[in-house]
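Count residues from 1 along the sequence.
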Amino acid sequence: MKHIDESATGIRSKQTWSAYYPKQMNQDFKAHFSTLPEAWASSVASRPGAPAVHYLGSTLAFRDIDEAADALGSALKAAGLEPKDRLAIYLQNDPQWLVALLAAWRIGVVPVAVNPMLRAAELQHHLADSGARALICLDSLYVDVVAQVRDGSAVEIFVTTHPLDMTPDAVVPESIAAHVGPRQTFPDTMDWMAIMADFAGRPLIPENVVQSDIAVLTYTSGTTGRSKGAMNLQSAMMHSSTVFTEWWDLQPGQDVIIGLAPVFHISGLVAGFGAHIVSGAPLVLLHRFDAGETLRAIDTYRGTFMLAASTAFIALSNHPSKDSFDLTSMTKTPSGGAPVGQALVRRVQDSIGWVLHGAYGMTETTSPTHLGPPDMDPPVDSASGALSVGVPVPGADVRIVDTLDGRDLGPGELGEIVVSGPMVVPGYWQLPDESAAAIRNGWLHTGDIGKTTKEGWLFVVDRLKDMIIAGGYKVFPRDVEEVLYEHPAVREASVIGVPDEYRGETVKAFVSLTVGAVITSAELIEFCKSRMAAYKYPRQVVILDELPKNSSGKLLRRELRDA
């Protein structure tokens with residue numbers, strides 16, 4: 001790593017921010033295992049019969065998952081898949097995802113995480129870009145999407161599965177049943193149930209997995225052109241999974257992980273599967289997000305840890321049946337995807353008693369570079385009112401650089417956030433130019449605007465590309481959104497800049513309302529006008545039934561711009 005003169009930059013001694021770490025977390029901590037397959041093998045050996053995954057009312061033990069991974073790995077190997085080949089996984093939050101991940105590692109192939117919301121053209125890009133030779137998908141997705149692109153792809157091996165293949169006795173809640181459908185098999189695919197029957201008990205000698213191997217290819221959201229495959233290494237996945245486990249002190253027999261974040265996304269992979277594998281604590285999966293069933297699962301399984309986007313916490317805290325459940329076990333609630341504001345934190349705490357804590361990271365950092373200490377209230381930025389997303393996790397370094405000339409800025413100065421550490425990917429799959437542009441001398445340029453305190457607290461103000469220049473003044477959408485969230489009628493808010501003949505750009509807000517709320521756009525504009533500078537408040541407010549989100553729960557400003 002390139003040496004940086006700390007006296008000339010905003011970097012503080014790591015010991016400064018490590019003073020805020022939870023008591024069980026050490027700045028110089030080392031993961032107990034070198035790779036996730038090694039960690040998984042330890043759990044299987046030490047407690048084979050213990051609950052590993054709870055899914056729609058059924059429970060699978062570590063032994064069940066492990067034996068299924070052996071069977072699937074044996075089948076894929078017999079079908080011709082070889083080490084370093086790519087295996088695309090096109091599933092919802094189902095136990096088969098974990099089985100496929102373990103099987104891929106076991107036979108030395110690279111798992112490719114595919115968003116189950118992708119349609120034909122998008123799936124085609126992911127398959128072509130990754131060069132996948134095999135694909136595991138839901139039977140419904142095979143009919144609706146895969147069949148359209150099969151002949152034009154390089155995929156040779158197709159495996160289809162039904163959401164209940166691992167848990168045939170599961171009782172599917174009515175709210176999820178519509179997304180499950182009847183079981184289907186096809187003459188030109190390998191069927192999951194047939195694989196489990198035909199390859200059960202087959203001996204499988206696992207490939208040697210090392211830290212420099214790609215643990216998974218995860219694709220960026222593609223906000224600026226085609227999505228890119230980030231090469232998340234075993235070393236990075238192990239590091240980030242251990243950070244979550246130790247930061248939140250996750251223990252088997254004490255904790256239950258609610259796997260709410262989609263597992264095709266790096267947050268779900270690390271805070272769900274990774275934390276489960278490292279800690280040995282059981283993981284609850286629900287096929288897909290449903291607020292009512294998530295609340296029921298927390299009550300039923302006494303869930304303690306859950307990473308979710310702010311939009312998911314909004315949905316959970318607004319659910320009409322929330323008071324019917326005992327949610328007091330949920331005490332470890334980091335929120336990722338977007339920084340949370342004071343108004344949202346207060347709303348969730350007042351509604352369901354959970355205290356949200358910041359988490360900052362991205363696909364290219366294999367999830368967290370910063371976390372909020374569990375036993376502390378984060379500081380508030382006096383200028384913007386933003387809450388800090390936390391302090392650097394062990395191994396992470398952060399700099400704030402000028403967006404024009406790249407010079408390092410000091411504490412309190414606003415610029416682009418750049419980070420380095422063992423969690424940063426080496427680059428994008430087969431994209432050397434894009435990799436070199438994003439990662440320079442080991443430092444990832446995030447495209448996020450923020451600032452730090454001298455103690456190391458990070459404030460994320462907004463995305464550089466989302467900044468609005470109104471009449472020569474810089475307006476960050478999050479500042480306006482935070483004020484909108486202070487109004488009790490506002491459920492969700494998203495702000496963009498739109499062309500304005502006089503001001504160059506002006507501020508336009510889109511909101512959805514809480515159940516039963518009645519308010520006009522003019523009233524919301526006046527509410528903001530009375531609480532913020534004249535150049536900041538929205539001149540236009542559009543009220544929608546729902547705001548557009550991606551499948552990770554992030555609000556999509558780009559779709560609002562295109563509307």
Side-chain angles (χ1 to χ4, degrees), residues 4-12 16-17 20 223-224 310 336-344 358-362 364-365 369-372 378-392 396-420 438 440 443-485 493-497 503-507 528 531-538 557:
I4 301 294
D5 180 2
E6 295 189 4
S7 64
T9 71
I11 301 177
R12 274 71 55 203
T16 303
W17 60 68
Y20 298 104
T223 54
T224 55
S310 58
V340 295
Q342 297 178 78
L344 176 58
Y360 176 71
M362 56 189 59
E364 292 89 339
T365 63
T369 63
H370 292 71
L371 288 173
V380 179
D381 176 35
S382 58
S384 66
L387 291 174
S388 172
V389 295
V391 295
D397 280 331
V398 60
R399 295 158 53 207
I400 307 297
V401 302
D402 189 274
T403 57
L404 296 177
D405 59 22
R407 64 186 173 86
D408 287 280
L409 302 175
E413 294 186 279
L414 203 61
E416 184 181 11
I417 302 166
V418 298
V419 295
S420 71
R440 308 168 209 167
W443 292 87
L444 172 72
H445 289 248
T446 67
D448 284 334
I449 298 295
K451 58 183 175 180
T452 61
T453 68
K454 62 182 180 181
E455 296 84 12
W457 293 94
L458 175 67
F459 297 92
V460 181
V461 176
D462 231 309
R463 292 291 292 171
L464 178 59
K465 63 181 177 61
D466 289 332
M467 185 172 65
I468 303 164
I469 307 294
Y473 291 98
K474 294 178 181 178
V475 180
F476 291 102
R478 280 200 62 252
D479 291 354
V480 184
E481 291 163 2
E482 174 66 8
V483 171
L484 285 164
Y485 276 122
S494 191
V495 168
I496 64 171
R503 306 175 77 209
E505 278 188 297
T506 196
V507 180
C528 293
R531 286 165 170 78
M532 57 188 3
Y535 67 88
K536 281 187 181 181
Y537 75 85
R557 288 177 180 151

Applying side-chain contact (heavy atoms from CB on, under 4.5 Å), name anything that partners Arg440, two or more places apart in sequence or on another chain. His445
Shortest non-hydrogen contact from Ser388 toward Trp457: OG-CE3, 3.2 Å
Where do Val391 and Tyr20 come nearest, in terms of heavy atoms and distance? CG1-CD1, 4.4 Å
For residues Asp397 and Pro392, determine if any side-chain heavy atom of one lies less than 4.5 Å from a side-chain heavy atom of the other. no
side-chain contact (heavy atoms from CB on, under 4.5 Å) partner of Thr369, the single match among Thr446, Val419, Leu444: Val419
Partner residues of Ala343 under the side-chain contact (heavy atoms from CB on, under 4.5 Å) criterion, sequence neighbours left out: Arg346, Glu482, Tyr485, Glu486
Smallest separation among heavy atoms of Gln342 and Val380, with atom names: NE2-CG1, 3.4 Å
Can you see which heavy atom on Asp408 is nearest to which on Arg399, and at what distance? OD1-NE, 2.6 Å
Would you call Val398 and His370 a side-chain contact if the rule is heavy atoms closer than 4.5 Å? yes
To the nearest 0.5 Å, tell me how far Ile449 CD1 sits from Ile400 CD1. 8.5 Å
Residues Val401, Trp443; criterion side-chain contact (heavy atoms from CB on, under 4.5 Å); working and verdict: CA-CA 11 Å; Val401 302; Trp443 292 87; over 6 Å; no
Does the side-chain contact (heavy atoms from CB on, under 4.5 Å) test come out yes or no for Ile417 and Thr452, once each step is laid out? CA-CA 9 Å; Ile417 302 166; Thr452 61; over 6 Å; no
Side-chain heavy atoms of Val495 within contact of Pro538, under 4.5 Å: no
Taken to the nearest 0.5 Å, the spacing of Arg407 CZ from Asp402 CG works out to 4.5 Å
Shortest non-hydrogen pair, Phe459 vs Asp381, comes out as CE2-N, 3.3 Å
Minimum heavy-atom distance between Ser310 and Leu344, given as atom pair plus value: CB-CD2, 3.4 Å
With side-chain contact (heavy atoms from CB on, under 4.5 Å) as the test, would you mind laying out the steps for Val483 and Lys536 before giving the verdict? CA-CA 11 Å; Val483 171; Lys536 281 187 181 181; over 6 Å; no
Close side-chain approach of Leu409 to Leu414, heavy-atom, < 4.5 Å: no
